[in-house]
Enquirer: 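After the structure tokens below, expect a handful of questions from me.
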Amino acid sequence: MIKSETQNLAAAVKSDFPFFANNPDTVYLDSAATSLKPQAVIDAIVKYYAQYGANIHRGVYRQSMEATEIYEDTRSTIKNFLNASKDYEVVYVRNTTEGINLLARTLGLAGKLPYTAWENGLQKGDVIILSESEHHSNIVPWQMISDRLGLEIVFISIETNGQLSMSSFEEIQNNLKNKCVKIVSLSKVSNVTGIVHDLEPFKSYARQKGALFIVDGAQAICHNTIDLAAMDADAFVFSAHKLLGPTGVGALVARKSLLDKLPPFLGGGDMILDVTKNATKYNESPHKFEAGTPDIAGVFGLKAAIEYLGRVGMENIYMWEKTLTKYCMEKLDKAGVYLFGPSITDLEKMEKVGVVSFNIPGIHPHDVGTIMDEHNICIRAGHHCCQLLMQAWDTSATNRASFYLYNDFSDVDRLAEAVQYVKKIFNK
Ligand code: PLP
């Protein structure tokens, strides 16, 4: 029943994505790396260049003013999409990576912030809490600032199935009783296991310590509804390209009370109110963080992507992926493939989006990926920018198939057939 209902979702949307007409017979299973773009998004980008053309903010003529209005209005579109209250503000960035770098860099320069652990700026010995399942984007920027300021990074370890280990977290809490924890930064959804992490205990701990609670939303934003009001993060970061939008644009959605106290990230045009030979008066947030001409066309595309997803319905996407994921895991399991992350029985008790990591025993993931490509199947092979997770699993790489609204059961069938073919070639 679910199968036929949800199959209709893929069938209903597939023709919206020109990729499939341009790449007939291709199975795209790499949406966790980047999603395909519907025509509506491509049209919105073209519309900016073809119809408006002008730069924003500075023009006193119609095209510039209208483009400015759409660019500024998109901040509300994003806030509505995330159920962010008026306490939050949207800062455009290039991607999740830049958003986290913005936070790490400006927090490194910040003084007192409206959080009890932040009476002073970051001091030597202060602690940042991350987890072993973070993407490098949520590790390296913090390491860079830690190296400069002598901070300590503590990693919550993972269970074998990729869940954040609560016993490791308990131990960390005991060890850090007398330490000043300033930042807790975690991803809501893993790009390798697809697990939707329950971040509530980590947020409560951050609150108890008077620390900042930051959420990497790169994978969370595209698969299900986000309720930022309930998540109560101080900052949530995402990239447009994961949710059907263009590459080169994303957003940092953060509490205005925090942004107001942070220094600017980059200097230049648009982020100032007044410049003299001796000093510059900065613009207010969010503009103080947006130096130079931004990706205007990208913002047009992002708005179109959010509107498109709104028409499809995020819950429909989540339910569809859930069905496809289970089907895929069962098929791969039957094909003798090793599944990383949650097991099939785990699916009963945990939330997981359409990301399946696996290895064919005895065959290097890159060989698998290359042979899949010969069969017009796009999957990923590598560490997926999660080397700490690979180290925890004692492997260097996995294969990863990731689904989105345009995939269907036949894509999984093709993947499973190709697995059998690879095994035959390698005599496994
Ligand atoms: N965080 C997670 C969980 C991701 O999956 C990714 C990208 O795959 C990123 C951060 C980085 O996103 P971007 O490369 O768009 O900055």
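Fair warning: this is a prediction, and the values are worked out from it, not measured in the lab. Atoms within each ligand, like the ligands themselves, are counted from 1 in listed order.
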Enquirer: What atoms in ligand 1 come closer than 4.0 Å to a heavy atom of S239?
Expert: 12 (O), 13 (P), 15 (O), 16 (O)
Enquirer: Looking at atom 10 (C) of ligand 1, what's its closest protein heavy atom, distance included?
Expert: D216 OD2, 3.4 Å
Enquirer: Any chance the rings of H136 and H383 have centres within less than 6.0 Å?
Expert: yes
Enquirer: Is there any N or O on S137 that sits under 3.5 Å from an N or O of ligand 1?
Expert: no
Enquirer: Under 4.0 angstrom from ligand 1, any heavy atom of N138?
Expert: no
Enquirer: Could you point out which residue of L186, V237, V253, L199 forms a side chain to side chain contact (heavy atoms under 4.5 Å, CB included) with V215?
Expert: L199
Enquirer: Hey, does the Lys NZ or Arg CZ of K288 hover above the aromatic six-ring of Y282, less than 6.0 Å from the centre and inside 45° of the axis?
Expert: no
Enquirer: So how far is it from S131 OG to F169 CZ, rounded to the nearest 0.5 Å?
Expert: 11.5 Å
Enquirer: With atoms numbered from 1 as shown, which atoms in ligand 1 lie under 4.0 angstrom from a non-hydrogen atom of Q219?
Expert: 3 (C), 4 (C), 5 (O), 8 (O)
Enquirer: Does K242 reach ligand 1 with a nitrogen or oxygen that is under 3.5 Å from one of the ligand's nitrogen or oxygen atoms?
Expert: yes
Enquirer: Does ligand 1 have an atom under 4.0 Å from some heavy atom of H241?
Expert: yes
Enquirer: List the closest protein heavy-atom neighbour of atom 16 (O) of ligand 1: residue, atom name, distance to the nearest 0.1 Å.
Expert: T97 OG1, 2.5 Å
Enquirer: Could you tell me whether a side-chain N or O of K79 sits under 3.5 Å from a main-chain N or O of E89, the two making a donor and an acceptor?
Expert: no
Enquirer: For atom 6 (C) of ligand 1, state which one of E98, H135, R94 supplies the nearest heavy atom.
Expert: H135
Enquirer: Within this structure, what is the CG-OG1 distance for the pair N55 and T293, rounded to the nearest 0.5 Å?
Expert: 4.0 Å
Enquirer: Among S190, A218, C385, which one has a heavy atom closest to atom 2 (C) of ligand 1?
Expert: A218
Enquirer: Is it the case that atom CZ in R255 sees more than 12 heavy atoms from other parts of the structure closer than 6.0 Å?
Expert: yes
